[in-house]
**Q** 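Pasting a structure below so you can have a look.
Count residues from 1 along the sequence.
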Amino acid sequence: MISAIFEHLEERETCSTLEEVRTVLDKTVDGGNAFNIYREQDAVYPFLSVLTRGEYAYIWYAPNESSAGIQAWGEDLGLDPEGTVKFYSPELTEIVNDYILTRETALQVVTAFMELEKWPACYEEMPDCVEWEEL
């Protein structure tokens, strides 16, 4: 696993093991958190954004500055198909339930990225642990 930097609402941390990633993703501020994850050698792009709230998560990936990004499709969690989950990043952000994952799935996505030699430059190169939608 290649180390990555996790910037979140409280601090900036470097993780290089599954246990460190799990510990950082479990950190919350008022029940949630917002993570920007990138490799140290990368300036700003690419980066992975993970929002958490309770047991829910939302994932968005920015491969480069000119991309609108790529978001992960959610799981069937029995949520209201017309509803949203509120995340704080630190502003209030409402995400449609179609894109909500469990925090455990978010952990799998983050570790899949950290196992890649080079982070994806396009939609076709995304890890296949979840389905993705190009924006």
Side-chain angles (χ1 to χ4, degrees):
M1 183 177 288
I2 298 171
S3 68
I5 296 169
F6 289 64
E7 288 185 353
H8 56 92
L9 296 177
E10 289 194 321
E11 60 186 300
R12 179 180 188 237
E13 302 178 60
T14 301
C15 298
S16 56
T17 68
L18 175 62
E19 295 78 24
E20 290 172 342
V21 173
R22 184 180 299 277
T23 298
V24 169
L25 288 179
D26 281 346
K27 293 184 177 186
T28 63
V29 175
D30 295 327
N33 212 331
F35 301 89
N36 282 338
I37 304 164
Y38 56 93
R39 292 193 175 164
E40 192 158 14
Q41 71 270 18
D42 300 325
V44 175
Y45 294 92
F47 73 91
L48 187 65
S49 174
V50 178
L51 303 179
T52 62
R53 185 87 187 148
E55 288 304 309
Y56 299 126
Y58 168 73
I59 298 175
W60 177 79
Y61 177 67
N64 56 58
E65 188 175 338
S66 63
S67 172
I70 303 165
Q71 65 186 351
W73 274 102
E75 302 171 83
D76 183 7
L77 302 174
L79 299 172
D80 175 1
E82 303 299 317
T84 62
V85 173
K86 295 176 182 174
F87 295 94
Y88 299 90
S89 62
E91 311 84 36
L92 174 65
T93 303
E94 290 190 55
I95 304 296
V96 177
N97 288 342
D98 289 343
Y99 300 101
I100 302 302
L101 306 162
T102 64
R103 285 181 38 183
E104 189 62 33
T105 299
L107 174 67
Q108 293 170 8
V109 172
V110 171
T111 56
F113 268 84
M114 292 175 69
E115 290 170 355
L116 296 172
E117 192 66 35
K118 183 178 177 199
W119 281 17
C122 63
Y123 172 80
E124 293 79 18
E125 298 172 356
M126 298 297 288
D128 61 2
C129 51
V130 293
E131 291 186 45
W132 298 95
E133 176 183 58
E134 192 167 19
L135 302 173

**Q** Report the distance from atom OH of Y38 to atom CD1 of I5, rounding to the nearest 0.5 Å.
**A**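 If we round to the nearest 0.5 Å, Y38:OH and I5:CD1 are 4.5 Å apart.
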**Q** Within the structure provided, determine whether V50 and V110 are in side-chain contact (heavy-atom separation under 4.5 Å).
**A**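 The answer is yes; the side chains approach within 4.5 Å.
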**Q** Hey, could you give me the CG/CG distance between N97 and L77, rounded to the nearest 0.5 Å?
**A**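 Separation between the atoms: 8.5 Å.
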**Q** First locate atom CZ of R39, then atom OG of S3, and finally report the distance between them rounded to the nearest 0.5 Å.
**A** 8.5 Å
**Q** Could you tell me whether a side-chain N or O of N33 sits under 3.5 Å from a main-chain N or O of L9, the two making a donor and an acceptor?
**A** yes
**Q** Return the minimal non-hydrogen interatomic distance between I70 and C122, and the atom names on each side.
**A** CD1-C, 4.1 Å
**Q** Judged by atom type as modelled, is there a donor-acceptor pair below 3.5 Å linking the side chain of T28 to the main-chain atoms of D30?
**A** no
**Q** At their closest point, which heavy atom of G69 faces which heavy atom of P63, and how far apart are they?
**A** CA-CD, 4.4 Å
**Q** Is the backbone N or O of W132 less than 3.5 Å from a side-chain atom of Y123, with the two atoms forming a donor-acceptor pair by type?
**A**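 It does hold such a pair.
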**Q** Quick check: closest heavy atoms across I100 and V96, and the distance to 0.1 Å?
**A** CG1-O, 3.8 Å
**Q** What distance do L79 atom CG and T84 atom OG1 have between them, rounded to the nearest 0.5 Å?
**A**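 So the CG of L79 and the OG1 of T84 are separated by 10.0 Å.
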**Q** What's the spacing between L107 CG and D26 CG if we round to 0.5 Å?
**A** 8.5 Å
**Q** Just so I know, are the side chains of I2 and E117 near enough to count as touching, which here means a heavy-atom distance under 4.5 Å?
**A**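 With C-beta onward as the side chain, the pair touches.
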**Q** With a 4.5 Å cut-off on side-chain heavy atoms, are E75 and L101 touching?
**A**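 A side-chain contact under 4.5 Å exists here.
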**Q** Do V130 and W73 have side chains that approach each other closer than 4.5 Å (heavy atoms only, starting at C-beta)?
**A** no
**Q** Stepwise, does the side chain to side chain contact (heavy atoms under 4.5 Å, CB included) test hold for V21 with F6?
**A** CA-CA 9 Å; V21 173; F6 289 64; 4.0 Å; yes
**Q** Rounded to the nearest 0.5 Å, how far apart are CG of L135 and CD of Q71?
**A** 4.5 Å
**Q** Which heavy atom of M1 sits nearest to which heavy atom of L18, and what is that distance?
**A**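 Closest approach of M1 to L18: SD-N, 3.9 Å.
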**Q** Measure up the H8 and F35 rings against each other and bin them: parallel (under 30°), tilted (30 to 60°), perpendicular (over 60°).
**A**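 The rings of H8 and F35 sit tilted, inter-plane angle from 30° to 60°.
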**Q** Looking at E65, I want to see if its CD is surrounded by more than 12 non-hydrogen atoms of other residues, nucleotides or ligands under 6.0 Å.
**A** no
**Q** Are side-chain heavy atoms of R53 and Y88 found at a separation under 4.5 Å?
**A** yes
**Q** Please answer: with hydrophobic residues joined when any side-chain heavy atoms are less than 4.5 Å apart, are V109 and L116 in the same cluster?
**A** yes
**Q** Where the side chain of W119 meets the backbone of F113, is there a donor-acceptor pair that is under 3.5 Å apart?
**A**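 Between the backbone of F113 and the side chain of W119 there is a qualifying donor-acceptor contact (under 3.5 Å).
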**Q** Does a sphere of radius 6.0 Å around CD in E115 hold more than 12 heavy atoms from other residues, nucleotides or ligands, not counting ones at 6.0 Å or beyond?
**A** yes
**Q** With E131, which residues qualify under salt bridge (Lys or Arg N to Asp or Glu O under 4.0 Å), at least two apart?
**A** none
**Q** Just jot down the ring pair (Phe, Tyr, Trp, His ring centres under 6.0 Å) partners of F47, sequence neighbours excluded, or say none.
**A** Y45, W60
**Q** State, to 0.1 Å, how close D98 and P81 come at their nearest heavy-atom pair, and which atoms those are.
**A** OD1-O, 4.3 Å
**Q** Please find the pair of heavy atoms, one from S67 and one from N64, that lie closest to each other, and give the distance.
**A** N-OD1, 2.9 Å
